[in-house]
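Counting convention: from 1, in listed order, for ligands and their atoms alike. Every value quoted in this text rests on a predicted model; they were computed, and no experiment measured them.
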Amino acid sequence: MKKIVLTGAAGALGNQLRAPLAKLCEELVSTDLVEALDNVAGNESYVKADVGDAEAMMTLIEGADMVVHFGAIADEATFEEIMHSNFMGAYNVWNAAHKHGVRRIIYASSIHAMGMYPKTTHITTDMPHRPDTFYGLSKCFAEDMASMYWDKYGLEAVCLRIYSASGPVQNARALGSWLSYDDLIQMVEKSVTSPVVGFTVIYGVSNNDRSPVDNSKAAFLGYRPKDNAEDYAEEILAKTPVVDPQDKAHMCHGGPFATVPLGVSGVQFIKKMSEGK
Ligand SMILES: NC(=O)c1ccc[n+]([C@@H]2O[C@H](COP(=O)([O-])OP(=O)(O)OC[C@H]3O[C@@H](n4cnc5c(N)ncnc54)[C@H](O)[C@@H]3O)[C@@H](O)[C@H]2O)c1
């Protein structure tokens, strides 16, 4: 593999992926909105660029074999903000990838494309979308675009419906939804190295006993998560209060994003909830 482009390289997840991706290619081009990145690998270069800028994406993606597209607003925001970074950003990446004959895009989708399904529904990778926010809607758009570019032009894509990627498990919801950083890296590596993927959707969760999703149709990718949130269950459940079973923030896959008004930050909502405000 000659060149991989990684968008969102300065973000929480992008930063985890830089070193592993650099090992899979001759040249890794990392991009984000910040001025510079720390610890740039020998075969890595950094370009400051906005994914909402069509020309910048066209230049950046030229000569790439694959694009790992993680650059986006990772929260609910106004439609205009989501439109620029997430809708236009994804379109610019797919359009440039197609024009330059890129083989495959690995896309950071999200559970929020399916967020309004109740937790009691064990969701599969081929059920209809049910977004919970403008943010989730942008992930539905990009997944459908990935499917369309595969059908029309043979541009492959793996859409990773990431649930809750983080360090150690922090709350009861994450007992089902946790994706450890090691498992995230494995999932992206398998998505890059699989000989064929066509158009594939996979949920980004670890090997959690309480996982509420079904990845069986993406088993051919060879993703076999190693971590299990159950290791944290005793400690987490001991400090979890009884919750209202009618509350969508607890009952839906999207968690608190299922209840925030459209356009209002879900991340801030979660922060206020944990501070008891
Ligand atoms: N962290 C999770 O649990 C999680 C869950 C589901 C999906 N995701 C998706 O994974 C990706 C990375 O998430 P993260 O947690 O690292 O979030 P993050 O906010 O830490 O990283 C996102 C990065 O994208 C960059 N970005 C935003 N708008 C941009 C623009 N217009 N042009 C260029 N860069 C832009 C930001 O500067 C940031 O560095 C996002 O697409 C997010 O939607 C993350």
Engineer: Where the closest heavy atom to atom 14 (P) of ligand 1 is concerned, which of Leu13, Asp75, Ile82 has it?
Structural biologist: Leu13

Engineer: Just checking Trp94 against Tyr153, ring centres under 6.0 Å apart?
Structural biologist: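 No, they do not, as the ring centres are separated by 6.0 Å or more.
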
Engineer: For Val51 and ligand 1, does the shortest N/O to N/O distance drop below 3.5 Å?
Structural biologist: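 Between Val51 and ligand 1 (N or O atoms, distance only) the closest approach is under 3.5 Å.
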
Engineer: What atoms of ligand 1 come within less than 4.0 Å of a heavy atom belonging to Ala49?
Structural biologist: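 Contacts of ligand 1 toward Ala49, numbered from 1: 32 (N), 33 (C).
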
Engineer: Tell me the nearest of Ala74, Ala174, Ser109 to atom 7 (C) of ligand 1, using heavy-atom distances.
Structural biologist: Ser109

Engineer: Give me the residue, atom name and distance of the protein heavy atom closest to atom 6 (C) of ligand 1.
Structural biologist: Ile162 O, 3.2 Å

Engineer: Suppose we measure from atom 20 (O) of ligand 1 to each protein heavy atom; which comes out shortest, and what is that distance?
Structural biologist: Ala12 N, 2.9 Å

Engineer: Out of all atoms in ligand 1, which are within 4.0 Å of some heavy atom of Phe70? Include the element for each.
Structural biologist: 10 (O), 11 (C), 12 (C), 40 (C), 41 (O)

Engineer: So if I count the atoms of ligand 1 from 1 in the order they appear, which ones are less than 4.0 Å from some heavy atom of Ala108?
Structural biologist: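 This gives 9 (C), 10 (O), 11 (C), 41 (O) as the contact atoms.
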
Engineer: As an exercise, identify every atom of ligand 1 less than 4.0 angstrom from a heavy atom of Ala72.
Structural biologist: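 In order of number, 22 (C), 24 (O), 26 (N), 27 (C), 28 (N), 41 (O).
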
Engineer: Any ion pair linking Lys217 and Asp126 (charged N to carboxylate O, less than 4.0 Å)?
Structural biologist: yes

Engineer: N/O to N/O below 3.5 Å, does that happen between Gly14 and ligand 1?
Structural biologist: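 There is no such contact.
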
Engineer: So, are Arg18 and Glu44 salt-bridged, with charged N and O less than 4.0 Å apart?
Structural biologist: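 Glu44 and Arg18: salt-bridged.
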
Engineer: Take Tyr107 and Phe199 through the test ring pair (Phe, Tyr, Trp, His ring centres under 6.0 Å) and record every step on the way to the result.
Structural biologist: CA-CA 11 Å; Tyr107 174 60; Phe199 166 72; over 10 Å; no

Engineer: Before you tell me yes or no, could you show the steps for Ser206 and Asn208 under side chain to side chain donor-acceptor pair (under 3.5 Å), namely the whole-Å CA-CA distance, both residues' side-chain angles and the distance that decides it to 0.1 Å?
Structural biologist: CA-CA 5 Å; Ser206 280; Asn208 306 326; 4.7 Å; no

Engineer: Distance alone, cut at 3.5 Å: any donor-acceptor contact between the side chains of His112 and Asp132?
Structural biologist: yes

Engineer: Would you give the length of the straight line joining atom CG of Asp183 to atom CG of Asn207, rounded to the nearest 0.5 angstrom?
Structural biologist: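 So the CG of Asp183 and the CG of Asn207 are separated by 7.5 Å.
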
Engineer: Which protein heavy atom lies closest to atom 28 (N) of ligand 1, and at what distance to 0.1 Å?
Structural biologist: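 Checking every protein heavy atom, the shortest distance to atom 28 (N) of ligand 1 gives Ser85 OG, 3.4 Å.
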
Engineer: Assess whether side chain to side chain donor-acceptor pair (under 3.5 Å) is satisfied between Asp75 and Ser265, documenting all intermediate values.
Structural biologist: CA-CA 6 Å; Asp75 188 7; Ser265 166; 2.6 Å; yes

Engineer: If the contact criterion is a heavy-atom separation under 4.0 Å, does Ala10 count as touching ligand 1?
Structural biologist: yes

Engineer: Looking at Glu143 and Arg161, does any basic side-chain N land under 4.0 Å from a carboxylate oxygen?
Structural biologist: yes

Engineer: Verify whether the ring centers belonging to Phe134 and Phe141 lie closer than 6.0 Å.
Structural biologist: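 No, the ring centres sit 6.0 Å or more apart.
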
Engineer: Does any N/O atom on Ala165 come nearer than 3.5 Å to any N/O atom on ligand 1?
Structural biologist: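 There is such a contact, yes.
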
Engineer: Where on Tyr135 is there a heavy atom closer than 4.0 Å to ligand 1, on the side chain, on the backbone, on both, or on neither?
Structural biologist: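 Under 4.0 Å from ligand 1, Tyr135 contributes side-chain atoms alone.
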
Engineer: Mind checking whether Gly71 has an N or O less than 3.5 Å away from an N or O of ligand 1?
Structural biologist: no

Engineer: Could you tell me whether the side chain of Tyr135 and the main chain of Gly266 form a donor-acceptor pair under 3.5 Å?
Structural biologist: no

Engineer: Can you pull out the closest protein heavy atom to atom 21 (O) of ligand 1? Residue, atom name and distance to 0.1 Å, please.
Structural biologist: Gly11 CA, 3.3 Å

Engineer: May I ask you to check whether His84 has an N/O atom sitting below 3.5 Å from an N/O atom of ligand 1?
Structural biologist: no

Engineer: Side chains of Asn92 and Asp53 only: does a donor on one sit below 3.5 Å from an acceptor on the other?
Structural biologist: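 No, no side-chain donor-acceptor pair sits under 3.5 Å.
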
Engineer: Where the closest heavy atom to atom 31 (N) of ligand 1 is concerned, which of Ile73, Asp50, Asp53 has it?
Structural biologist: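 When every heavy atom of Ile73, Asp50, Asp53 is considered, Asp50 comes closest to atom 31 (N) of ligand 1.
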
Engineer: Among all protein heavy atoms, pick out the one at the shortest distance from atom 34 (N) of ligand 1; state its residue, atom name and that distance to 0.1 Å.
Structural biologist: Leu33 CG, 3.6 Å

Engineer: How close does the nearest protein non-hydrogen atom get to atom 37 (O) of ligand 1, and which residue and atom is it?
Structural biologist: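 Checked against all protein heavy atoms, atom 37 (O) of ligand 1 sits closest to Asp32 OD1, 2.6 Å.
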
Engineer: What about Ser110: any of its N or O atoms under 3.5 Å from an N or O on ligand 1?
Structural biologist: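 N/O-N/O distance under 3.5 Å: no.
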
Engineer: Is the side chain of Thr31 donor-acceptor paired with the backbone N or O of Val47 at a distance under 3.5 Å, no angle test?
Structural biologist: yes

Engineer: Would Lys139 count as a contact of ligand 1 if the rule is a heavy atom under 4.0 Å away?
Structural biologist: yes

Engineer: So, Glu27 and Lys2, do they make that salt bridge, N to O below 4.0 Å?
Structural biologist: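 No salt bridge links Glu27 with Lys2.
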
Engineer: Give the atom numbers and elements of ligand 1 that come within less than 4.0 Å of a heavy atom of Ser164.
Structural biologist: 3 (O)

